Amino acid sequence: MSNTVQVIVNIPARSLDKPFSYTIPAHLANVQVGCRVLVPFGNRKVEGFIISLEPEKTEGLKSILEILDHVPWFDSNMLNTARWLSDYYLCSLSEAMRLFIPGQSGIKTQKAYQAPASVDFEQAAVLLSKKPAEFRTLLTYIYEHGPVTLTDLAKLTSDPAAMIKFFLQHKLIISADIVSKRGKASVTTIIDLAVSRETAAQIEQTLPKNKAAQRRLLNALLAAPGNLTTAQLRSLSITQDTVKKLAEQGLITTRQLPLFRNSYAGGCLQTPAVNLTPEQAYALGLIIPAINTGLHTSFLVHGVTGSGKTLVYIRAVAEARRLNRQAIVLVPEIALTSQIVARFKAAFGEDVVVMHSKLSVGERHDAWRRLQAGQAGIVIGARSALFAPAGQLGLIIIDEEHEFTYKQEETPRYHAREVALARARLAGAVVVLGSATPAVETYYKARQGDHVFIPMNQRVDNTPMPEVTVVDMRQELAQGRRSVISQALKDMLTEILARQEQAVILLNRRGYSTFVLCRECGHVLKCPHCDIALVYHASATVLRCHYCRERHTVPDICPVCSSRYIRYFGAGTQKVEEALAAAFPAARIIRMDQDTTGGKMAHDKILSAFAAGTYDILLGTQMVAKGHDIPNVTAVGIISADTALNLPDFRAAEKTFALLTQAAGRAGRGKKSGRVVMQTYNPEHYAIIAGAGHNYQAFYQHEITFRRQLHYPPYANLVKITVHGADEITVHRNANQLAADLTQAPGLADAAVIGPFPASVNKIKDIFRVNILIKTQELPTVAKQLAGLGLASRRDIIVDIDPINVL
DNA sequence: AGCACGCCGACT
DNA sequence: GTCGGCGTGCTC
């Protein structure tokens, strides 16, 4: 029997990315791999994760202090997924494991101070004699009141920190962490008699009158056939203290049991008996048998907007639940996808757990406990839901798999799709990726046979795809029309408003104008902390930086040449709103962007008001293009279809195509057919043409050729290395040095090192950033090499595997 | 991440 | 002479 364990401490520091060994004290012998434990670490107490049991004994190890989980939090699938993630994305194992824990840690530690085991009072007196009387008072207080925190002491003295430092230095006090557990474990305490019923009955008789509570407890145990639970104790008004006393006398025993309730599996399916379309039936004909095999398979459902993908998801989840396996459903943004959440709730009721970004740590904990205990079988949420403790995982669904929100932009910089595939592979689970505009990488993999490809080309209600008009804005200008709203868009809106139908207008830019320029000297007003133009917000008459959110007043004169000719250029949502209001004074217009959705769930309120017909026109940034399905919307206008197209990013075309397709898909979801007007300065661009023609194939063919020629994903993997810092010169020097080192590195012989080049937004919040890009066919080799160079441990370097943004 | 130990400048 | 700066190095 092993008495040693390997522990990963939950501290996200590169230098601690290795297991530490501890011994198991006899009374904690039931500890298992995957449990969280409290361990002594240096002079503090930290949370650790047990990753293995070790057979050999080593001398001089410390012991585990406490077990924080009665049931291991990590099963082998979760542990192996974390291992995979840390390998692939070059983060520490603890960083990867933290993803699986609500609030990133199961404990809260507070520093406290107390008397050391022994004090040399003579020496203490000498030391204190040189100090103000305050020192003596504080030290006495600490000695008398046991472990006290800094906040406690702050009530006594104005500045205890300096004195504490002095005391620690001279070993007059020691620090001792006060640890509190977060999230109550769902366990119940079971109390049993430890002696025969006869003995217990005898003792009960002999107990004196002042031990009435103990008598009550014994009586209750004698009356009950087997045992008692804590819940039953409460009704008998017996306290924990009484239980403890009797346990000390050896009359009773206590043990803790995890709370397991029956799962809803199979019992709760209220899936309405809708007729499946032939395409839905075909899709499920492939997916359901795969779930039944219990082997890992992945599918790409390429379904046009309105083709009924959600019903396929629901039926697939129902099948997994029938087999008593759990399902994870990922959506890009929970706030924008309330319709899909509502449909799952309707179909599966209490079996669904919704992971909200607004949930508190406690609520998150409760939700995950329910899954872990098998009380719920389905989790639906944003990318973090991927780390749910689903022990019986059978299915992962990723809706709108092409969405960039699936990529986490802080360390660990994982992509939910890739982690889902890895976790499912390890669990023998099925993955269903769904999208109307699959990521080029995903589609390519499907064609290679890595995913089973399922096309869904027909809309459920057989409404035709909307008719799209592309407006060349250069011609508009040539014909003397200078409005942001073209004649074609204006005509379309006039028509549908006359018919009391509704329109959605998309503009990928907040604020009033894109930049503010002095016409005299050409100076563009920029944020002093970020290298980016300030945006004019008319409603508040301020200039705002969209990176650091700082507000600036609008200057009357140019700060450079003192000219009064300051003009606003480009159009934001506010300006378009103004233009629409001028063109259609009778129309009721509502704007939806980050500025108007400040309050929580404001998306929902705006959308439901619009759906209810309170407004005629919904105008907003890309959030108006997502998720909702409003039958009376028959027209969609896209003010500037090429906003994203001109970015120097190899995914610019893909972003544009996906947004256009999605926005167009909002038109004509009901019985009425829809129309779309796309305004652009690049009407001949393949992303615009394909977007207008609802032609994914045409887009893909163009795009994949371009990717192949330039060795971009999926033909190579990218690694982006960002060097950042407050001093521009140092940052550039370090980046140059690093690029030179990388070019020399033996493991990178077959990789292309590009750069360094300054990030597109060179400075954000006074921090300068320079990027180096690596293109490689051999990512694992390169990753090993980068890890070997110690890049991940440098504080001024960010390593991003498979970056979404290369700018 | 913390925290200790350790070696060089400005003060009671 | 001491206090204190934060540069390395360690934590089972």
Side-chain angles (χ1 to χ4, degrees), chain A residues 2-26 28 31 33 35-68 86 90-99 101 103-114 116 123 126-135 147 149-151 159-179 182 410-412 725-727 730 734 790 792-798:
Chain A
S2 155
N3 79 326
T4 309
V5 285
Q6 292 210 312
V7 170
I8 293 290
V9 292
N10 184 5
I11 302 170
R14 183 72 2 185
S15 53
L16 296 176
D17 191 19
K18 56 175 181 180
F20 290 84
S21 299
Y22 288 87
T23 56
I24 313 165
L28 300 178
V31 72
V33 169
C35 281
R36 292 175 295 179
V37 288
L38 191 67
V39 292
F41 195 66
N43 63 350
R44 19 184 215 154
K45 294 172 186 171
V46 300
E47 183 185 46
F49 311 123
I50 296 192
I51 56 158
S52 68
L53 304 175
E54 278 194 328
E56 78 271 22
K57 276 188 173 178
T58 316
E59 290 304 308
L61 298 181
K62 291 185 182 177
S63 272
I64 289 169
L65 297 170
E66 203 177 324
I67 300 176
L68 300 169
S86 83
L90 296 183
C91 69
S92 67
L93 187 52
S94 67
E95 279 171 326
M97 293 183 83
R98 282 156 73 88
L99 295 167
I101 287 169
Q104 314 207 79
S105 167
I107 58 166
K108 262 165 62 182
T109 27
Q110 250 192 316
K111 270 254 103 49
Y113 305 96
Q114 63 186 41
Q123 203 206 334
V126 175
L127 285 164
L128 285 173
S129 65
K130 296 178 193 160
K131 293 287 172 191
E134 239 189 337
F135 277 66
T149 65
L150 211 55
T151 28
D159 180 26
M163 287 187 264
I164 290 293
K165 208 172 171 187
F166 175 84
F167 294 152
L168 279 172
Q169 209 164 27
H170 295 92
K171 303 207 164 27
L172 294 174
I173 57 170
I174 54 168
S175 69
D177 288 344
I178 295 179
V179 177
R182 272 213 296 234
E410 304 102 55
T411 322
D727 181 49
T730 315
N734 291 345
S793 59
R794 270 177 64 175
R795 204 88 63 86
D796 63 335
I797 286 180
I798 300 165

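Residue numbers start from 1 in every chain, and the chains themselves are labelled A, B, ... in the order their sequence lines are given, proteins ahead of strands. Any value given below was found using the heavy atoms of this structure, including those in side chains, with hydrogens, waters and symmetry copies removed. Computed from a predicted structure; not experimentally measured.
- The interatomic distance linking A/Tyr113 (OH) with B/dG2 (C1') rounds to 11 Å, in whole Å.
- One can find a donor-acceptor pair under 3.5 Å joining the base of B/dA1 and the side-chain atoms of A/Arg44.
- For A/Ile164 and C/dG4, the CD1 to C1' distance is 18 Å, given to the nearest whole Å.
- To the nearest angstrom, P of C/dT11 lies 15 Å from CD1 of A/Ile8.
- Test A/Arg44, A/Lys45, A/Lys111 against A/Asp177 for salt bridge (charged side-chain N to carboxylate O under 4.0 Å, His left out) and you get one pass: A/Lys111.
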Under the criterion ring pair (Phe, Tyr, Trp, His ring centres under 6.0 Å), I'd like the reasoning laid out for A/Phe167 against A/Tyr113: C-alpha separation, chi angles, the key distance, then a yes or no. CA-CA 10 Å; A/Phe167 294 152; A/Tyr113 305 96; 9.5 Å; no
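- A/Pro19 comes within 4.0 angstrom of no nucleic acid atom, judged by non-hydrogen atoms across all strands.
- As rounded to whole Å, 16 Å separates atom P of C/dT11 from atom CG of A/Asp17.
- For A/Lys18 and C/dC12, the shortest distance from a side-chain N or O to OP1 or OP2 is not below 4.0 Å.
- Rounded to an integer number of Å, the gap from A/Arg14 CZ to C/dT8 P is 20 Å.
- If you measure from atom CG of A/Leu16 to atom P of C/dC10, you get 13 Å, rounded to the nearest angstrom.
- Residues A/Thr4 and A/Ile24 have side chains not in contact (no heavy-atom distance under 4.5 Å, counting atoms from C-beta outward).
- Atom C1' of nucleotide C/dT11 and atom CG of A/Asn43 are separated by 9 Å, given to the nearest angstrom.
- In this entry the distance linking NZ of A/Lys165 with C1' of B/dC3 reads 11 Å, nearest Å.
- The residue A/Ser15 sits close to a base: some heavy atom pair falls under 4.0 Å.
- To the nearest 0.5 angstrom, A/Ile51 atom CD1 is 10.5 Å from A/Leu53 atom CG.
- In this structure, A/Phe41 reaches the bases: a heavy-atom distance under 4.0 Å links it to at least one base atom across the strands shown.
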